[in-house]
There are 2 protein chains.
Amino acid sequence: MAAKSEQTRQLVADVALKMFREIGFEKTTMRAIAQEAGVSVGNAYYYFASKDELVQELYIQVQDEHAVVAAEALEGVQDLAGRLKAVLHTGVDVMNPYHQFGSDFIATAIRPTSPVNPFGEASTAAREASLAIFRSAVEGSSPAVAKKLRGDLPELLWLMYMGVALFWVYDTSEGQRRTRKLIDGAAPLVARGLSLAKIPGVSKVFDDVLGLVRNVKADS
Amino acid sequence: MAAKSEQTRQLVADVALKMFREIGFEKTTMRAIAQEAGVSVGNAYYYFASKDELVQELYIQVQDEHAVVAAEALEGVQDLAGRLKAVLHTGVDVMNPYHQFGSDFIATAIRPTSPVNPFGEASTAAREASLAIFRSAVEGSSPAVAKKLRGDLPELLWLMYMGVALFWVYDTSEGQRRTRKLIDGAAPLVARGLSLAKIPGVSKVFDDVLGLVRNVKADS
DNA sequence: GGAAAGTTTTGAACGTGTTCAACAATGAGT
DNA sequence: ACTCATTGTTGAACACGTTCAAAACTTTCC
C-alpha cells in the first residue's frame, strides 16, 4: 500500500518543519533533516525535489491553518474594519512560530522559479485559498462594501496582507508589537477610506484606480 | 601605492557586473568571476566579503545612475504627476539591463542580513540617495504639494517605487510594457488622490494615515 | 641594501544543496 | 512460487559559496 511511502514523506516534512521552527532555516540542512528523520539524504529528495519544496509544505500548512482560525475569528464580526483586522491578525498568528525564519521564507518565496512564490503557478491553490479568506471577509461585511469595489477588493486586501507580512518579517519589536499596531491602525483606515467612495470627486479617482488595476492585470 | 589594489577591486567588480548582466546571477559563480578576471577566488573575497557584496556594488552603481538621469528628466517638468513619472520611469530604465537578474537581486536584498537590504544599515547611504530623488521630485513640483503631506510623501513615494520595482521584476511582458503602463497610470492617480486632501471628509482620513505612518515608524 | 611590517594573492579545504547510478523492497500477473 | 516492473532507498559525487593558513609581493625604516 501507499501508506508506507506517505509515512516517510510525512516524517521528512514533520522533521523539517520542526527544525525550521526550532533552529531556523539555514541550520536546518538537508543532511540534518535526513539524519533526524533516520533516512538518507537522497530519500528526502525522492519526496521533495528541493529544500524549497519543504518550505512550500510549510506555506501550505500555514495557509490551511489561517483559513480555519480566520473563519472562527470572523464569526459575529460585522463591520469591514473588524473583519479585516480579524483576518490580518490571525494571519500573523499562524506565521508567528516561524518569525525568525520569515526572511528566509520570503527570500525563497520571492523567486519566480520557486514553488512557493505566491504569484506563481505552483502555489495557485494556496493563493486561491488565501484569497477566499479575504473574499469572505468582504462579502460577509455589513454595511456592505460598494458594489463596484466588491469584485477587486479581496485581491487588493490580499496584496495588503502581503505587505503586512513583509512588514512583519522585519518587525523585531517584542512579539511583533508594531505589526499589530499597524494592523489595528490600517484596517479601520481602509474601511473609512472605502466609505469615501460615495463622495463625487473621490468616486472618480476610485474608478480610475480600479480601471488601472484591471488594465494592468488584463495585459498579461 | 593604493592604485594597484583599487585596480584589482575594480576589475573584479566590473567583471562581476558584466557577467551578471550577460549570463545572470546564478551562472556567475565566484570561480567564474575569478577566472574571467584572472585572479584567484580568494583574492576576489579579499575585496568582497561575499557574493552579496558584489550585488551591493551593482545596487550602488544603479542608484548613482538613477540620481543622474532622474535629475535630467525632472528638468522643466512642473506637475507632480509628471515628476513622479519621470523618477519612476528613469528608475526602471537604469534597472533594465539587469531585468533577468531582478528576482535574484530582490531575493538577496530582502534578507535583513544582506548588505543590499534597502531597509538595512549597510545601504543607508544608497537609500538616502534614492530618497533624495523623491524629495526633489516632491519639493520641485508646482502646484505645491499640501504642506502637511510634504514631509512624509517622499518616503511614501519611495515605498511606491519599491512596489513598482517588485512589479517590474515579475513583469515578463516585452520591454516590461506593463510596468510602464502601471507607472503612467499610477503617477497621475497619486497626484489626483493627493489633491483630494482638501476635501473636508477626506482630509481627516489623510491625517489618520499620516498619523499611523508616524506612529508605526516612531516605535522602532 | 636589507630586515621587518604590512598588504595582496593563492589554492586547497569545508559544508552546503542537489544529482544519480546502483541497489533493495514491494506488488501484480501468471 | 516466481518473474519483473514499479516504487523506494542509499551514499558517493558534483558544483557552489566561503574560509584560511601560507606564500608572494610592497612598503617602511634604519
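In what follows, every chain begins at residue 1, and chains take the letters A, B, ... in the order their sequences are listed. When reading the values below, keep in mind they use all heavy atoms of this one structure, side chains included, and skip hydrogens, waters and symmetry mates. Only a predicted model underlies this, so the values are computations on that prediction, with no experimental measurement involved.
- Between His66(B) and Thr90(B), the side chains place a donor N or O and an acceptor N or O closer than 3.5 Å (distance only, hydrogens not considered).
- Not one side-chain nitrogen or oxygen of Asn43(A) sits closer than 4.0 Å to the OP1 or OP2 atom of dG8(D).
- Of the charged side-chain nitrogens involved, none lies within less than 4.0 Å of a carboxylate oxygen, so that Lys27(B) and Glu22(B) do not count as a salt-bridged pair.
- A salt bridge between Glu57(A) and Arg9(A) is present, with a side-chain N of the basic residue lying under 4.0 Å from a carboxylate O of the acidic one.
- A straight line from CG of Leu11(B) to C1' of dT9(C) spans 14 Å, rounded to a whole angstrom.
- Relative to the side chain of Met30(A), the nucleotides dT9(D), dT18(C), dG11(C) differ in distance, and dT18(C) lies closest.
- Taking a 4.0 Å limit (strictly below) on heavy-atom distances, residues 46-57 of chain B reaches DNA chain C at Tyr46(B), Tyr47(B).
- Taking the side chain as every heavy atom from C-beta outward, Asp93(B) and Val69(B) never approach each other to under 4.5 Å.
- Thr108(B) contributes no side-chain N or O that, together with a main-chain N or O of Asp52(B), makes up a donor-acceptor pair within less than 3.5 Å.
- Rounded to a whole Å, the CZ atom of Arg9(A) is 13 Å from the P atom of dT9(D).
- Summarising the geometry, the separation between CZ on Phe25(A) and P on dT16(C) is reported as 13 Å, rounded to the nearest angstrom.
- Under 3.5 Å, the side chains of Asp171(A) and His99(A) contain no donor-acceptor pair of N or O atoms.
- Within the 4.0 angstrom heavy-atom criterion, base atoms lie near Val41(B).
- Distance CD (Gln35(A)) to P (dT10(D)): 13 Å, rounded to an integer number of Å.
- A donor-acceptor contact under 3.5 Å links the side chain of Arg31(A) to the base of dG17(C).
- Taking for each of Thr29(A) and Gly42(A) the nucleotide of DNA chain C with the nearest heavy atom, the 5'-most of the two is the partner of Thr29(A).
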